[in-house]
Amino acid sequence: MNEPSVIISITDEGRELQQRVAHVPKAMAQVVNLTDEEFTTMYKLLYKLIAQLTGREQKV
């Protein structure tokens with residue numbers, strides 16, 4: 001079956017934003033103070049919740 005495809009690429013502004021916010025995950029981890037296991041569990045549950053709320057397939 002032939003399905004249309006779309007090619008998506010990041011813009012220069014998007015790359016700049018990635019660089020500006022690259023520190024955020026580490027900073028949040030320090031503030032939240034979770035173990036690696038707790039963080040992994042929270043991450044999986046968060047994406048499961050998002051998938052359920054949006055009706056999308058979970059991709060974790």
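In what follows, residues are counted from 1 in the order of the sequence shown. Note that the coordinates shown come from a computational prediction; the quantities given were computed from them, not determined experimentally.
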### Task
Give a yes or no on whether Met42 atom CE has more than 12 heavy-atom contacts from other residues, nucleotides or ligands under 6.0 Å away.
yes
### Query
Distance from Thr41 atom OG1 to Leu46 atom CG, nearest 0.5 Å?
12.5 Å
### Message
Other residues, nucleotides and ligands only: do more than 12 of their heavy atoms fall within 6.0 Å of CD on Gln52?
### Response
yes
### Summary
Sequence neighbours excluded, the answer for side chain to side chain contact (heavy atoms under 4.5 Å, CB included) partners of Gln18 is Ile10, Arg15
### Message
The criterion is salt bridge (Lys or Arg N to Asp or Glu O under 4.0 Å); which residues satisfy it with Glu38, sequence neighbours excluded?
### Response
none
### Task
Give a yes or no on whether Leu53 and Tyr47 share a hydrophobic cluster (residues Ile, Leu, Val, Met, Phe, Trp, Tyr; joining criterion: side-chain heavy atoms under 4.5 Å apart).
no
### Query
How far does OG1 of Thr54 sit from CG of Leu49, to the nearest 0.5 angstrom?
9.0 Å
### Message
Let me check something: do Val24 and Leu17 share a hydrophobic cluster, defined by ILVMFWY side-chain heavy atoms less than 4.5 Å apart, either directly or through other members?
### Response
yes
